[in-house]
Peer 1: 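Submitted below is the structure of interest, expressed as structure tokens.
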There are 2 protein chains.
Amino acid sequence: MRIIINKVTQRPPHAPISERAIEERLAGSGARFTSGRRQVVAALSGADGPRSAAELHEEMGGEVPVSSVYRSLAVLEQAGVVEPHHGARGLTRYEMAEWLAGHHHHLVCESCGGVEDIELPKQLEVELERLVGKVSGLSSFSASGHALEVDGRCERCR
Amino acid sequence: MRIIINKVTQRPPHAPISERAIEERLAGSGARFTSGRRQVVAALSGADGPRSAAELHEEMGGEVPVSSVYRSLAVLEQAGVVEPHHGARGLTRYEMAEWLAGHHHHLVCESCGGVEDIELPKQLEVELERLVGKVSGLSSFSASGHALEVDGRCERCR
DNA sequence: TTCCTTGCAAACGATTTGCATTGGA
DNA sequence: TCCAATGCAAATCGTTTGCAAGGAA
């Protein structure tokens, strides 16, 4: 997976993550920002799309055992630092929470199953939000967020 | 999960599924439209949202073993009769393919993990398609479809 | 007879958990 | 010292597969 989006929409690989804010969030859950968790956060905020526990395990050099990666992810999710994303073949991948990584959407490749982030130009995002607003007006479902998934083939698989 | 959408957007619980068309599709894959597969199709086209193999197994009365439900789903997916949908906790749920059930979107309850179908009023759907068209113009990703997921709490969980 | 199907049980891969140990405030 | 955090191995859970029996063309 590589970012192939043009400059306007490309999401910076390293969003300016606030270590401080994360530490506070964790503290709020009575948890510490340990080295293992820092590594997960680092790997995740440097990624161009959601990552599974196994992918993170590998990207982190295989030092930290997978079970610990899972535990880190669970704690970080609990604290609202990362968010799960359910994709191809029942794999659960995680990404930094919206308040840290910014709101974005996904391009899902139906061939390789990879996922790339895409940030909509403000105007389109505004349109989309307006549209979602109308949708929730249609049902007794109380909407709190939305995600647009665009399916197709990534450049590599075309 | 219950349909709570108003009349304008509610999707008919029993879309007028063409048994004939399904049989032909299966034949094209060299497969038969057996009783077990008919049961899966019946359960799925009567549902108001995606269903997992386990849910179908239960809704079908527990007669057909889960492994057979999985096999039926695999064959039906192969033939383009049903489509997988990856949701909460890595569960794979299926629904009738778009050409049979019609294009629609999902309301995902972040509390119970349930998914309800929602069909957008034509005008909104047109807007959405236009928007997706613009998105794919922004990247070198070739889009073939899209899915809008609205997250929130269903009426029951509110 | 020839394949497609199905049931059952074993196998798998992803994720979770129990338990004993380590580490930080 | 005390409780959170971690490593390792065993346990779960959803899903897949091998194999032998059943069925339709």
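Chain letters run A, B, ... following the sequence lines, proteins first, then strands; residues in each count from 1.
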Peer 1: What integer distance in Å separates B:His57:NE2 from C:dG7:P?
Peer 2: 11 Å
Peer 1: Does C:dC3 have OP1 or OP2 under 4.0 Å away from a side-chain N or O of B:Arg32?
Peer 2: no
Peer 1: Please tell me if the side chains of B:Leu128 and B:His105 come closer than 4.5 Å, counting only heavy atoms from C-beta onward.
Peer 2: yes
Peer 1: Given atom CG of A:Leu56 and atom P of C:dA14, what is their separation to the nearest angstrom?
Peer 2: 14 Å
Peer 1: Please check if any side-chain donor atom of A:His106 sits under 3.5 Å from a side-chain acceptor atom of A:Glu95, or the reverse.
Peer 2: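 Indeed, the side chains of A:His106 and A:Glu95 share at least one donor-acceptor pair under 3.5 Å.
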Peer 1: Within less than 4.0 Å of OP1 or OP2 of C:dT5, is there a side-chain N or O belonging to B:Arg71?
Peer 2: no
Peer 1: What does B:Ala31 touch in the nucleic acid at a heavy-atom separation under 4.0 angstrom: a base, only the sugar-phosphate, or nothing?
Peer 2: sugar-phosphate
Peer 1: Please check if any side-chain donor atom of B:His104 sits under 3.5 Å from a side-chain acceptor atom of B:Glu98, or the reverse.
Peer 2: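 The answer is no; no qualifying pair exists.
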Peer 1: Please figure out whether A:Ser35 or B:Ser67 has its closest DNA chain D nucleotide nearer the 5' end.
Peer 2: A:Ser35
Peer 1: Check whether A:Phe33 forms a cation-pi arrangement with A:Arg38 (NZ or CZ under 6.0 Å from the six-membered ring centre, at most 45° off the ring normal).
Peer 2: yes
Peer 1: Which nucleotide wins on minimum distance to the side chain of A:Leu91, given the candidates C:dT15, C:dT6, C:dG24?
Peer 2: C:dT15
Peer 1: Will you find, in the side chains of B:His103 and B:His146, an N or O donor that is under 3.5 Å from an N or O acceptor?
Peer 2: yes
Peer 1: Taking the six-membered ring of A:Phe141, is the NZ or CZ of B:Arg153 close enough (under 6.0 Å from the centre) and on axis enough (within 45°)?
Peer 2: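 No cation-pi geometry.
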Peer 1: Could you tell me whether B:Ser52 contacts a base, only the sugar-phosphate backbone, or nothing, with contacts defined as non-hydrogen atoms closer than 4.0 Å?
Peer 2: nothing
Peer 1: Just the rounded figure in Å: distance from C1' of C:dG7 to OH of B:Tyr70.
Peer 2: 16 Å
Peer 1: Along DNA chain D, 5' to 3', what are the outermost nucleotides having an atom less than 4.0 Å from a heavy atom of chain B?
Peer 2: D:dG14 to D:dA24
Peer 1: Would you check if A:Val41 and A:Met96 make a side-chain contact, meaning some heavy-atom pair closer than 4.5 Å?
Peer 2: yes
Peer 1: Whole-Å distance between C:dT5 C1' and B:Gln78 CD?
Peer 2: 16 Å
Peer 1: Starting at CD of A:Glu55 and ending at P of C:dA14, how long is that distance when rounded to a whole Å?
Peer 2: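 After rounding, the reported distance stands at 10 Å.
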Peer 1: May I have the distance from B:Leu73 (atom CG) to C:dT5 (atom P), rounded to whole angstrom?
Peer 2: 14 Å
